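Note that the structure is a prediction, hence the values are computed from the model and not measured.
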Amino acid sequence: MRHFTRMLSVAALALMASTLPGRSDEAAATSGAVQVAEATTTAPEFTGLGNWFNSQPLTLASLRGKVVLVNFWTYGCVNCVNTLPHVTQLYSKYKDKGFVIVGIHTPEFPFEHSSNNVQAALKRHGITYPVAQDNKSATWNAYRNQYWPAQYIVDQSGRIVYSHAGEGAYDEIDRTVGKLLNASS
C-alpha cells in the first residue's frame, strides 16, 4: 500500500510538473519525469549510513570543491535500475574531472537491507562509484526525499543546485554537471 500511495503522489506531482520553473508543458509531457526542485540550499550531511561499498565512508564536507551527484536508489526498484546505465555512464565521463557520485541505497522492502544483496547488485550493474547503505533512511530523511530514484546535484560549495525524481532528464543532468565542472576550471 505504501508503494501504491507513493506512486499516486508521483503521478500527481507529474501532472503539476509543468508549473515548475524551467519546465514547459511539452517538456513535462514528453519526459515523464518529475523535477523535485531547483534550489540553492545547503546539502544535508550524510548521516546514519551503514556499509560503504567501493569507498571508505565519505562526508559532503570532505567532498567540498567537487561536484557531487547524490543518487537515492534501491536495487529492487525497476525505475532505479533503469537509471543505472545513465548514472554509471555519467560517472565514467566526469570522474576524472572533479565529479563524484554517492549512491545512497535506501531499501523499500526488508530483503533490500541485505549487504550481500546490495553488493551483488553493484556487481551486476557495473557500479564502481561509492555507495552507502541507508537502511534506517536517515540520509533519505535528512534530504526530505520521497522518491526512488532521486538525484541531487551538489555544487563545489556544498549547495544543492538541481534535483530530479524518477527516470529521465539524463541530458539535463549531464549539462548541469558539465557546466559546474567547467565553471571551476
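W148 contributes a side-chain N or O that, together with a main-chain N or O of T106, makes up a donor-acceptor pair within less than 3.5 Å. Judged by distance alone, with hydrogens and angles left aside, the side-chain atoms of H86 form no donor-acceptor pair with the main-chain N or O of T83 at under 3.5 Å. Not one N or O on the side chain of Q151 forms a donor-acceptor pair closer than 3.5 Å with the backbone of L69. Panel note: side chain S62, backbone L58; no donor-acceptor pair is recorded below 3.5 Å. For the pair S114 (side chain) and F111 (backbone), a donor-acceptor distance under 3.5 Å is absent.
Here the OH atom belonging to Y143 is positioned 8.5 Å from the OH atom belonging to Y152, to the nearest 0.5 angstrom. In this structure, NZ in K97 is found 8.0 Å from CG in N182, a value given to the nearest 0.5 Å. Of the inter-residue distances, the one linking S92 atom OG with Y129 atom OH reads 10.5 Å to the nearest 0.5 angstrom. Here the OG1-CG distance, from T47 to L60, works out to 11.5 Å after rounding to the nearest 0.5 Å. Put simply, CZ on F53 and NZ on K123 are 14.0 Å apart, with the number rounded to the nearest 0.5 Å. With rounding to the nearest 0.5 Å, the separation of CD1 in I153 from CG in L90 is 7.5 Å.
Taking a 6.0 Å sphere around CD of Q89, one finds it holds 12 or fewer heavy atoms contributed by other residues, nucleotides or ligands.
W52 and W140 fall within a single hydrophobic cluster, where Ile, Leu, Val, Met, Phe, Trp and Tyr side chains are chained together by heavy-atom contacts under 4.5 Å. No chain of hydrophobic side-chain contacts below 4.5 Å, direct or via other Ile, Leu, Val, Met, Phe, Trp or Tyr residues, connects I101 to Y170.
Using modelled atom types and a 3.5 Å distance limit, the side chains of T74 and E112 yield a donor-acceptor pair.
Closest heavy-atom contact between T59 and F46: CA-CD1, 4.0 Å. Closest approach of A138 to G48, counting heavy atoms only: CB-CA, 3.8 Å. Residues S115 and Q133 share a closest heavy-atom pair of CB-OE1, 3.1 Å.
Contacts classified as salt bridge (Lys or Arg N to Asp or Glu O under 4.0 Å) and involving residues 52-72 (residues at least two apart or in different chains) are not found. Applying the salt bridge (Lys or Arg N to Asp or Glu O under 4.0 Å) rule to pairs touching residues 127-155 yields D155-R159, sequence neighbours excluded.
W73 and H105 have perpendicular rings, their planes meeting at more than 60° on a 0 to 90° scale where under 30° would count as parallel.
Side-chain contact between V67 and T176 is absent, with no heavy atoms from C-beta onward closer than 4.5 Å. Side-chain atoms of T139 and F72, non-hydrogen and from C-beta on, do get closer than 4.5 Å to each other. Counting heavy atoms from C-beta outward, P149 and N79 have side chains that approach closer than 4.5 Å. For the pair Y91 and I127, the minimum side-chain heavy-atom distance is 4.5 Å or more. Contact annotation: the side chain of R124 approaches that of Y75 to within less than 4.5 Å [non-hydrogen atoms, C-beta and beyond]. Side-chain contact between L122 and V131: present, with at least one pair of heavy atoms (C-beta onward) separated by less than 4.5 Å. The side-chain heavy atoms of T88 and H125, taken from C-beta on, include no pair separated by under 4.5 Å.
Exactly one of V154, N145, L63 qualifies for a side chain to side chain contact (heavy atoms under 4.5 Å, CB included) with V70. That residue is V154.
A search for side-chain hydrogen bond (donor to acceptor under 3.5 Å, both in side chains) contacts involving K93 returns D174, not counting sequence neighbours.
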